[in-house]
2 protein chains.
Amino acid sequence: MPAESRTPGRRERNKQEKLDRITSAARELFSEYGVDEVTTQQIADKADVGTGTLFFYAKTKAELLLLVHNVKYAEAIDSGVTAAGATAGILDAVMAIVQPIVACNRVQIENGRTYLRELVFGDPDEHHHKVGLELTGRVDDAIAAILSRDGDRNEQDAAQLARIISAIMFINMTATVFMSLSDDSVIGNIRDQVRTLLGAHRVGV
Amino acid sequence: MPAESRTPGRRERNKQEKLDRITSAARELFSEYGVDEVTTQQIADKADVGTGTLFFYAKTKAELLLLVHNVKYAEAIDSGVTAAGATAGILDAVMAIVQPIVACNRVQIENGRTYLRELVFGDPDEHHHKVGLELTGRVDDAIAAILSRDGDRNEQDAAQLARIISAIMFINMTATVFMSLSDDSVIGNIRDQVRTLLGAHRVGV
DNA sequence: GAATAATTTTGAGCGTACTCGGTTATGAGT
DNA sequence: ACTCATAACCGAGTACGCTCAAAATTATTC
């Protein structure tokens, strides 16, 4: 059958299809019940595979969350980068990046916190973990680019300030103290801290 | 027996003695093998109590680590605060606080990381968790006090900058990327970031 | 197309943190 | 002294993430 030249074989297709089922099952269960309330057994059942198969596709439950959440996170970053490009002020542009990320991570607070926890404390050798770290790298780069709009600032400082802003975001999205706050309050807190960081207070504002 | 007026009863004493045994057992096992390599059963055995009893005194394994590590952390903070008091420059004084904390948390890197993880993601209603959060509060206050030495800086900014410095410390002590670094490298990284932070809006350095 | 190799699938089983119902020790009331 | 309520203690049992050795499926070779 040379007509179907680009069929990568049944095995490959089955594998992809199975991964899709697992991904969907995990996404739906996680977003409906929260990662802690879902067992790997439930995911396996919903995906209609054995538990062994589940862990053949994702080495840990955490990897499953990363796999699912990375997609949403990437979308949030893209929309933020786009918005930042159309924003004049440096602080406002930074916040244009921050805002969708915070929103994304707080759609389901428990999942968002767990995602960030795994990103920092999980095994960096796992595939989806690496992908997640690349995403945070993109955020750092995007923020550094914005800060570099200020001609007085050298690139090295911009990169370092970007990392600091990421740290500020992380703490404000994870610390239990902030769990009961509204999204707007969290964003407000981050904005205040970034403003202080950038030294806006000296000029006036 | 009115002579021993302040004896709080056998029950109280037994309880205290048992808690001591548990604390010692946990401390020794954790520091020798690392928190992940020690089972709660081993701790119970070494303390010579049943597992049920163990969890009567500490609600989770994480609480056990907090219980043990809070003591060391408190010592590190005290020594840092003392050293900072005798240090002239603001950056140097801040680093005098940072240095012993980093050292303490990296005596056994796995335990230090887990400690910080639980501090951020654990149940804030548990007793030892609260104690731990108070300690980080003390660090923030101490740093804020140092920053306030600069007469130009108002207290609100000092407090906020202190929180940012804590965030910088946290990331540098927890992120997997930094696990393979030496203590000095980590401290150097933190110093660079704090310098950038404090100098972000200034012209020179 | 048979034989062989490679990959994928599976669920019973394991280790471990933690629970729970029953038991025992302690001290207050009389 | 005796009773009784309460606090402390215990370990068998549970839940759940994850492993592993064997089985099933797919690819490859001759």
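These numbers were taken from a predicted model, which means no experiment stands behind them. Chain letters run A, B, ... following the sequence lines, proteins first and then strands; every chain starts at 1.
- In this structure, A/T40 does not reach the D/dC16 phosphate: none of its side-chain N or O atoms is under 4.0 Å from OP1 or OP2.
- Remark: A/Q42 CD is packed, more than 12 non-hydrogen atoms of other residues, nucleotides or ligands lying under 6.0 Å away.
- Considering only side-chain N and O atoms, B/Y57 lies under 4.0 angstrom from the phosphate OP1 or OP2 of D/dC9.
- Taking atom CD of B/E118 as the reference point, atom C1' of C/dA17 lies 13 Å away to the nearest angstrom.
- Judged by distance alone, with hydrogens and angles left aside, B/T51 brings a side-chain donor or acceptor within reach of the base of D/dG11, the pair sitting under 3.5 Å.
- A straight line from CD of A/Q42 to C1' of D/dA15 spans 12 Å, rounded to a whole angstrom.
- Contact check on B/R21 versus B/E17 returns a salt bridge, with a Lys/Arg side-chain nitrogen under 4.0 Å from an Asp/Glu carboxylate oxygen.
- In this structure, A/I43 places its CD1 atom 12 Å from C1' of D/dC16, rounding to the nearest Å.
- For A/D140, the side-chain contact (heavy atoms from CB on, under 4.5 Å) test picks out A/R163, A/S166, with sequence neighbours left out.
- Among residue pairs with one or both ends in residues 85-114 of chain B, those qualifying as salt bridge (charged side-chain N to carboxylate O under 4.0 Å, His left out) are B/D92-B/R191, B/R106-B/D183; sequence neighbours excluded.
- For the pair A/L64 CG and D/dC16 C1', the computed distance is 14 Å after rounding to whole Å.
- Of the candidate nucleotides D/dC18, C/dT9, C/dT16, C/dT16 has the atom lying nearest to any side-chain atom of B/T39.
- Contact annotation for A/F55: base contact, defined as any heavy-atom pair under 4.0 Å involving a base atom.
- Note on A/K15: every side-chain N or O is 4.0 Å or more away from OP1 and OP2 of C/dT7.
- Close to D/dC18, at under 4.0 Å from its OP1 or OP2, lies no side-chain N or O of A/K59.
- Counting only heavy atoms from C-beta outward, the side chains of B/F30 and B/I43 approach each other to under 4.5 Å.
- To the nearest angstrom, P of D/dC16 lies 12 Å from CG of A/D45.
- Of the two residues contacting DNA chain D, namely B/G52 and B/E12, the nearest-nucleotide position lying further toward the 5' end is that of B/E12.
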Any N/O pairs under 3.5 Å between the protein and nucleotides 21-25 of chain D? List them or say none.
from	atom 1	to	atom 2	distance (Å)
D/dT25	O2	A/R11	NH2	3.3

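- To the nearest 0.5 Å, the span separating CG on A/L161 from CD1 on A/I168 amounts to 9.0 Å.
- The separation between B/Q41 atom CD and D/dC10 atom P is 12 Å, rounded to whole Å.
- Counting non-hydrogen atoms of other residues, nucleotides and ligands closer than 6.0 Å to CZ of A/F121 gives a total above 12.
- Counting to the nearest Å, the C1' atom of C/dG21 and the CZ atom of B/F56 are 15 Å from each other.
- In this structure, A/T53 reaches the C/dT10 phosphate: one of its side-chain N or O atoms is under 4.0 Å from OP1 or OP2.
- Under a 4.0 Å N-O distance rule, the pair B/D141/B/R138 does not qualify as a salt bridge.
- Atom C1' of nucleotide C/dT9 and atom CD1 of A/I22 are separated by 11 Å, given to the nearest angstrom.
- Positionally, the nearest nucleotide of DNA chain D for B/K18 lies more toward the 5' end than for the other of B/K18 and A/T60.
- Remark: B/K61 is not in phosphate contact with C/dT16, judged by side-chain N or O atoms under 4.0 Å from OP1 or OP2.
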